[in-house]
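To start, the structure under review is shown below, and the notes come after it.
Here is the naming used below: chain letters follow the sequence lines, and residue numbers restart at 1 for every chain. Atoms considered below: every heavy atom in the structure, side chains included; atoms not considered: hydrogens, waters and symmetry mates.
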Number of protein chains: 2
Amino acid sequence: MKLKDFAKHLDLSPTTVSRALSGYPEVRESTRKRVADEALRLGYRPNINAVRLVTGRVGAIGILMGRGREVHFAEFLSGMGERLGGEDIDILVTPIAEHDAREEIQLYSRLVESRRVDAIIVNGPRPDDERISLLHRLGMPFLVHGRSETAVPYAWLDIDNEGAIKRATSHLLDLGHRRIAMINGRPGVTFSVHRDKGYRDALVERGLPFDPKLVAHGNFTDEVGFRFARSFLEQSPRPTAFVAGSMMTALGVYRAARSLDLIVGKDISVIAHDDVFPYLNADNMAPSLSTTRSSMRAAGTRSAELVLQLLSGKPPAEIHELWPVELILRESTGLAP
Amino acid sequence: MKLKDFAKHLDLSPTTVSRALSGYPEVRESTRKRVADEALRLGYRPNINAVRLVTGRVGAIGILMGRGREVHFAEFLSGMGERLGGEDIDILVTPIAEHDAREEIQLYSRLVESRRVDAIIVNGPRPDDERISLLHRLGMPFLVHGRSETAVPYAWLDIDNEGAIKRATSHLLDLGHRRIAMINGRPGVTFSVHRDKGYRDALVERGLPFDPKLVAHGNFTDEVGFRFARSFLEQSPRPTAFVAGSMMTALGVYRAARSLDLIVGKDISVIAHDDVFPYLNADNMAPSLSTTRSSMRAAGTRSAELVLQLLSGKPPAEIHELWPVELILRESTGLAP
DNA sequence: AAAAAAATTGAAAACGTTTTAATTTATTCG
DNA sequence: CGAATAAATTAAAACGTTTTCAATTTTTTT
């Protein structure tokens, strides 16, 4: 049914009906009620494409899904959905191979030019991220999940990676550990850089040397955790503690320890960053895992909220959120042997 | 820039320009070339909302992301993107809590009624899935990834879960195993039912009894694999082989075996189903894992293709694909002790 | 009770395309 | 060469809303 028919049925003008449904103030309360009730009864819903054409708004937020971080991505998405449930705003996902940066930039350009989204969420930013200047130049509203060092002003939401890892490392130092290995995330992305810095600063603060042989970078997978942990543990003297970039990495570290008959929490200590996945619980691991914790899901929810603020006109420069990270101690950390 | 301006610039009518860009046959080749070149040069792109309004097509495929299977979901999505890259079709993701079936149905209804998608992909179907009859009733084109037992005709793409698990189980029987445990997926969904049947049939075929104490159901997580494997291994006589529903489950089984000082491939054998995640490789595991393999990503790509066929008018009843599953033997399977 | 003000409703013009039906231009053929 | 046919182009009518501006009705004020 079209607006015209529906309005005729109500003996009102399309104008009034449209206003009643959109909640404009200048329509009488009794009229609004009548329209709303009847719309529900007859199942009238405005044609979304007509609405979009005339308002110029698309009603969608775009987000690109790169490969290798699908797990985090899905959790973030899930959080976004929580905030966007009531709104008439969709999430548009564009999967992307992300092999080279050039192709990535092209995909962002095309997404903007195709005018299919009102705003974009940029994830996994790098310090010199081209995407940020691109979107700024093209005038597309966007929120960065993470941070960059680009000169242009931009809205962002990030967790305090540096502080979190610094605290974790300091705690291990307090426990007497002196050789602490770090299995960080992909090289080049800002959060890895921040975590490296947190790790380094903790060492420097105690006047301890930084040993590049104890730092590795890679995707957040069980496999990467296992391989690097094995190779670190084969050094001598071997590290007595690990800072792991993710829960998956920690699983790999646990596996490596077991494969060498080392007991986690005694022979080696492990602290990992936990993005809080519903299906991988630090408490349930054996031994339970000490973590720096910050919910990826919550970040998604909040990001959706911030994008809505952006869309309602709030200047990007005023949207900066740095979330603190909890340090939760469990059985995987103990005094240095 | 609007079509009208662009057409004026070319000294053509909007009609001709529109047709030239959409590849209609009745426009002269030289004209088409000129229009295409100039469009590229001036950066003209039709306003997508206007196109959608007039064609009645939205240019989007909807898919709901339930919780607990995010990993598989993301991989499937990634595959869809591969096929949809060139097309002007978006993927619309609606995250969903999926707590109760009633709410789930409502979300599907709303997605249909809001007319935001041209087709829907239904995932994780159950034998008596209400969503299928709903979408059929509402006249929304849809493809089911998996199968159901609903009476209405519907398009589907599924892998041969029953055959795969039957083969895996038979192989373990060939190796002399007699107590084979099965850690299957969530109860109630069709693929779990099919896998149960494959497992059962393999036993029956050899005249062996089916022991419900050796079968468990749960999400595809490391944790579930670990817990069930532990509890099975504490039975006596304990099982000598495991059929695991996923790679994550297998990780848990490996962990459980290690925690009891059992050697995988010798004391116990393990075969798992591998959906082929880029970050979790059966070959790299220690010991390497025997698997039944079928790419989730490929399923996504093919599903996108099938949806396109659906949209171009192919009857749903003609779209049925059952994919065979490979059985790949590696080190995790061996003769029964 | 009339005038003024406020509240409510409506007519008509966008929004930017695609597509139908009509028109013009080019080609073929007797 | 002219009629018939084919090919290429265009004018105008959708598509279904929102929104501006104007008109009407209702309420308040004097």
Side-chain angles (χ1 to χ4, degrees), chain A residues 1-36 38-39 42-60 87-90 112-118 311-312, chain B residues 1-36 38-39 42-60 87-90 112-118 311-312:
Chain A
M1 174 158 38
K2 307 194 293 186
L3 173 60
K4 218 166 126 188
D5 307 334
F6 181 53
K8 194 169 289 170
H9 167 89
L10 282 164
D11 213 14
L12 283 171
S13 73
T15 311
T16 305
V17 174
S18 168
R19 281 201 276 241
L21 291 175
S22 317
Y24 276 58
E26 64 263 63
V27 46
R28 206 194 323 184
E29 193 46 44
S30 61
T31 311
R32 177 199 316 294
K33 179 91 171 61
R34 193 160 69 93
V35 172
E38 207 64 357
L42 295 181
Y44 168 75
R45 312 220 2 173
N47 177 303
I48 196 157
N49 289 323
V51 174
R52 287 172 172 179
L53 173 58
V54 71
T55 60
R57 280 215 167 174
V58 188
E87 314 286 332
D88 233 27
I89 295 194
D90 303 321
V112 172
E113 276 153 18
S114 71
R115 294 224 183 67
R116 271 197 282 250
V117 295
D118 295 318
L311 287 177
S312 65
Chain B
M1 174 158 35
K2 308 195 293 187
L3 173 60
K4 219 166 123 188
D5 307 334
F6 181 53
K8 193 168 292 169
H9 166 89
L10 283 165
D11 213 14
L12 284 171
S13 72
T15 311
T16 304
V17 175
S18 168
R19 280 203 272 242
L21 291 175
S22 318
Y24 276 58
E26 62 264 64
V27 46
R28 205 193 329 182
E29 193 46 43
S30 61
T31 311
R32 178 200 315 294
K33 178 89 170 62
R34 193 160 68 92
V35 172
E38 208 64 358
L42 296 180
Y44 168 76
R45 312 219 3 173
N47 178 304
I48 196 158
N49 289 323
V51 174
R52 287 172 173 179
L53 173 58
V54 71
T55 60
R57 280 214 167 173
V58 187
E87 313 286 330
D88 232 27
I89 295 194
D90 303 319
V112 172
E113 276 153 17
S114 71
R115 294 225 183 66
R116 271 197 281 250
V117 294
D118 296 318
L311 287 177
S312 65

Using atom CG of B:Leu12 as one end and atom P of C:dT24 as the other, report the distance to the nearest whole Å. 17 Å
Which atom names give the shortest non-hydrogen contact between A:Ala7 and A:Pro14, and what distance separates them? CB-N, 3.7 Å
What's A:Tyr24 touching, base or sugar-phosphate or nothing? Going by heavy atoms closer than 4.0 Å. sugar-phosphate
I want to verify a distance call: between D:dT17, D:dA11, C:dC15, whose nearest atom is closest to the A:Val51 side chain? D:dT17
What contact category does B:Arg52 fall into here, base, sugar-phosphate, or nothing, at under 4.0 angstrom with non-hydrogen atoms? nothing
Which residue lies toward the 5' end of DNA chain D, B:Pro25 or B:Ala50, if each is placed at its nearest nucleotide? B:Pro25
Would you please say whether a donor-acceptor pair under 3.5 Å links the side chains of A:Thr16 and A:Ser13? yes
Between C:dT9, D:dT17, D:dT9, spot the one nearest the side chain of B:Arg28, thanks. D:dT9
Could you pull out the closest heavy-atom pair between B:Met1 and B:Leu42, with the gap in Å? CE-CB, 3.8 Å
Rounded to the nearest 0.5 Å, what separates atom CZ in A:Arg19 from atom CZ in A:Arg32? 11.0 Å
With respect to the side chain of A:Lys2, which nucleotide from D:dG16, C:dT9, C:dT17 is positioned closest? D:dG16
Could you work out which one of C:dG10, C:dG16, D:dT9 sits closest to the side chain of A:Thr15? C:dG10
Minimum heavy-atom separation for A:Asp118 and A:Gly59, please, with both atom names. OD2-N, 2.6 Å
Nearest whole Å is fine: how far is D:dA8 P from B:Leu10 CG? 18 Å
So does A:Arg19 reach the base of C:dG10 with its side chain, donor to acceptor, closer than 3.5 Å? yes
Out of C:dG10, C:dT17, C:dT19, whichever nucleotide has its closest atom nearest the side chain of B:Val54: C:dT17
Hey, is the main chain of B:Val58 close enough, under 3.5 Å, to the side chain of B:Arg52 for a donor-acceptor pair? yes
With a non-hydrogen cut-off below 4.0 angstrom, is A:Ile48 in contact with a base, only sugar-phosphate, or nothing? nothing
Would a 4.5 Å heavy-atom cut-off, applied to side chains only, mark A:Leu3 and A:Tyr44 as touching? yes
When the distance from CG of B:Asn47 to C1' of D:dT17 is rounded to whole Å, what number comes out? 14 Å
From NZ of A:Lys8 across to P of D:dG16 the rounded distance in Å is 14 Å
Atom CD of A:Glu26 and atom C1' of D:dT19 are separated, to the nearest Å, by 10 Å
Interatomic distance where CG belongs to B:Leu53 and P belongs to C:dT19 [whole Å]: 12 Å
Rounded to 10 degrees, the angle between the two terminal axes of the helix from C:dA1-D:dT30 to C:dG30-D:dC1, each from five pairs: 40°
Whole-Å distance separating the NZ atom of A:Lys33 from the P atom of C:dT8: 17 Å
Using only heavy-atom distances, decide whether a donor-acceptor pair under 3.5 angstrom links the side-chain of B:Thr55 to the base of C:dT19. no
Look at all strands and tell whether B:Phe6 reaches a base, only sugar-phosphate, or nothing, counting heavy atoms closer than 4.0 Å. nothing
Determine whether a donor-acceptor pair (one donor, one acceptor, N or O, separation below 3.5 Å) exists between the side chain of B:Thr31 and the base of D:dA8. no
Taking for A:Pro14 and for A:Glu29 the nucleotide of DNA chain C with the nearest heavy atom, the one nearer the 5' end belongs to A:Glu29
Please report, rounded to the nearest Å, how far the P atom of D:dT18 is from the CG atom of A:Leu21. 8 Å
Counting heavy atoms not belonging to B:Arg115, are there more than 12 under 6.0 Å from its CZ? no
Nearest to the side chain of A:Ser13, heavy atoms from C-beta on, is which of D:dT18, D:dT17, C:dT9? C:dT9
